[in-house]
Amino acid sequence: MPGEAIAATNDVNRIEAPVTFKTYLMCAFASFGGMFFGYDSGYINGVTGSAYFVNIIDPGQAALSGPHNSLIVSILSAGTFFGALAAGDLADGIGRKWTVIAGCVVYIIGVVLQTAAHGLGLLVAGRLIAGIGVGFESAIVILYMSEICPRKVRGALVAGYQFCITLGLLLASGVDYGTKNFPNASSYRIPIGLQFIFGVILGVGLLFLPDSPRYFVKRGRIEQARKALCSVRNQPADSEYVEAELAEIIANEEYERALIPAGSWLNGWMNCFRGSLMKSNSNLRKTILGTSLQMMQQWTGINFIFYYSTPFLQSTGAIGNTFLISLIFNLVNVVCTPISFFTVDRVGRRPLLIWGACGMLICEFLVAIIGVTIGFNKTHTDAAGNTVANNISAVNAQIAFIAIYIFFFACTWGPGAWIVIGEIFPLPIRSRGVALSTASNWLWNCIIASITPYMVNKDEGNLRSAVFFIWGGLCTAAFVYSYFLIPETKGLSLEQVDKMMEETSPRTSAKWRPTTTFASEMGLKSGKIDAGVTEDVERKGSIF
Ligand code: BGC
């Protein structure tokens with residue numbers, strides 16, 4: 001009866017464990033994995049610029065040769081790309097928690113090799129291995145956090161991961177600054193070796209946390225799922241809150257398994273690409289949504305600022321201390337990200353992505369227009385032969401707009417892209433869907449990092465400020481994209497997100513309210529776990 005179903009839903013929505021401080025701490029801990037991501041993306045620029053390091057790799061040269069530089073920088077992305085993809089499989093096999101711990105071990109091995117290196121070979125091998133570890137972390141931390149966080153604060157807690165990325169980037173630029181002029185091996189061993197500590201903190205800390213209850217349900221281990229849920233919700237073994245949440249996860253798994261049958265390894269991957277392109281809830285559409293969302297996040301051009309702002313600013317001749325400006329950019333990124341902790345679960349994911357893209361595109365076009373008219377692009381050569389900007393105030397205005405652009409990124413697309421990819425996939429394809437989306441982030445990160453020098457280098461594209469027309473154009477695409485394609489997932493459990501995507505289109509999704517639950521649709525009395533369904537899930541999960 002529909003009336004019963006509604007009553008059941010209301011029950012499920014009402015009986016929910018209160019979010020305690022311990023819950024916050026447990027759920028937020030894994031976000032520390034973001035440090036690996038940020039630090040690894042950031043520290044290498046300083047190391048490759050240190051004179052001692054250059055002399056080891058290319059003896060007698062003032063700077064690293066182009067091929068060596070790009071090999072050292074980009075080998076990490078190759079590792080992260082494949083690491084993220086492999087981690088999706090592993091997370092379904094050995095669990096989310098153990099995949100993250102395995103990632104820490106791989107990462108530590110890579111760090112030890114790089115620290116011990118005194119030449120190109122071992123360094124590149126170490127960076128490739130560390131990259132695989134970072135790939136594990138970046139995909140599975142998001143998966144793990146999305147699955148254990150209470151729905152009402154899930155956005156804020158996952159945004160904590162992005163906050164750690166920004167802290168990692170900031171720390172990397174500080175450590176680089178402090179060590180780059182050391183006249184010995186400490187100039188690269190300190191920035192590289194520091195990562196060892198991150199690996200140990202995350203790996204050891206996670207040993208004390210339970211695995212995701214949704215992973216246990218997927219593997220048919222209902223008792224372990226119950227224990228894990230009690231632990232992350234800080235509830236006693238007989239908690240009715242836990243009983244209700246578990247019933248819904250089990251019923252959803254039973255429902256999804258009927259639609260997406262498990263099978264061989266290949267079939268598991270093929271499942272991510274099944275369904276109609278026209279239906280917004282098909283697996284194919286969800287996979288395209290997750291991977292394209294991460295692509296769009298990279299298209300915003302944020303890494304142009306974090307990877308290339310120093311040479312870019314130097315080229316104007318207007319800025320004395322370019323390091324200080326990039327430090328300010330990093331600080332804006334760190335300080336503004338926490339704004340999303342408060343907005344993402346209140347305002348919602350969709351408005352943040354739409355208005356964030358709008359804010360960024362306005363700033364980028366302004367930087368471009370000021371630049372080509374009176375700013376960065378208008379320079380002259382002074383008596384001493386230096387390049388000097390004609391209009392310093394215009395250049396300063398451009399820098400201010402870049403900072404405002406970073407503000408918009410930090411409180412919208414930075415955390416938003418990670419939050420949404422953790423929420424849109426149904427359990428049978430979730431780990432692979434998140435893995436594919438994360439791999440797409442790294443792929444586009446690498447593509448953009450590799451092509452940007454050709455766009456801005458003096459003897460190549462020499463676009464200077466005009467490069468912001470490209471980022472502004474791509475942000476316009478991100479704006480239109482989020483308006484038409486991003487669904488609103490705030491406040492919903494992962495199982496409700498599944499239903500919402502079945503019943504609405506992205507533009508109507510914000511108005512959707514649950515009217516039924518998977519548990520009640522299966523004829524289960526709300527909040528009570530049904531022995532028959534449970535046995536079925538246990539049986540199917542155990543044969544995987
Ligand atoms: C992006 C990174 C970027 C960082 C900046 C992350 O969400 O994926 O590519 O460097 O934000 O804060």
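What you see is a predicted model; the values in this text were computed from it and never measured. One-based numbering, in listed order, for ligands and for the atoms of each.
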Students often mix this up, so state it plainly: with edges at 30° and 60°, are the rings of [X] and [Y] parallel, tilted or perpendicular?
{"X": "Trp418", "Y": "Phe37", "result": "perpendicular"}
{"X": "Trp413", "Y": "Tyr481", "result": "tilted"}
{"X": "Phe198", "Y": "Phe36", "result": "tilted"}
{"X": "Phe304", "Y": "Trp471", "result": "tilted"}

Closest approach of any protein heavy atom to [atom], naming residue and atom:
{"atom": "atom 12 (O) of ligand 1", "answer": "Asn333 ND2, 2.9 Å"}
{"atom": "atom 8 (O) of ligand 1", "answer": "Gln297 OE1, 2.8 Å"}
{"atom": "atom 10 (O) of ligand 1", "answer": "Asn303 OD1, 2.6 Å"}
{"atom": "atom 6 (C) of ligand 1", "answer": "Gln162 OE1, 3.4 Å"}

Would you call Ser41 a ligand 1 contact, heavy-atom distance under 4.0 Å? no
Does the residue Trp413 have a heavy-atom contact with ligand 1, meaning some pair of atoms that are separated by less than 4.0 Å? no
Under 4.0 Å from ligand 1, counting heavy atoms only, is it the side chain of Gln298, its backbone, both or neither? side chain
Would you mind telling me if ligand 1 is within reach of the side chain of Thr337, the backbone, both or neither, using heavy atoms under 4.0 Å? neither
If you measure from atom 5 (C) of ligand 1 to every heavy atom of Ile448, Leu169, Thr438, Val334, which option wins on shortest distance? Leu169
Show me which atoms of ligand 1 lie under 4.0 Å from any heavy atom of [X].
{"X": "Asn445", "result": "9 (O)"}
{"X": "Phe37", "result": "2 (C), 8 (O)"}
{"X": "Trp418", "result": "6 (C), 7 (O), 8 (O)"}

Nitrogen or oxygen atoms of Gln294 and ligand 1 under 3.5 Å apart: no
Interatomic distance, OG@Ser173 vs CG@Asn330, rounded to 0.5 Å, equals 4.5 Å
Calculate, to the nearest 0.5 Å, the distance between atoms CD1 and CG belonging to Ile72 and Leu128 respectively. 13.5 Å
Could you check if a side-chain atom of Tyr144 sits within less than 4.5 angstrom of a side-chain atom of Leu209, using non-hydrogen atoms only? yes
Could you tell me whether the side chains of Asn445 and Tyr307 share a donor-acceptor contact shorter than 3.5 Å? yes
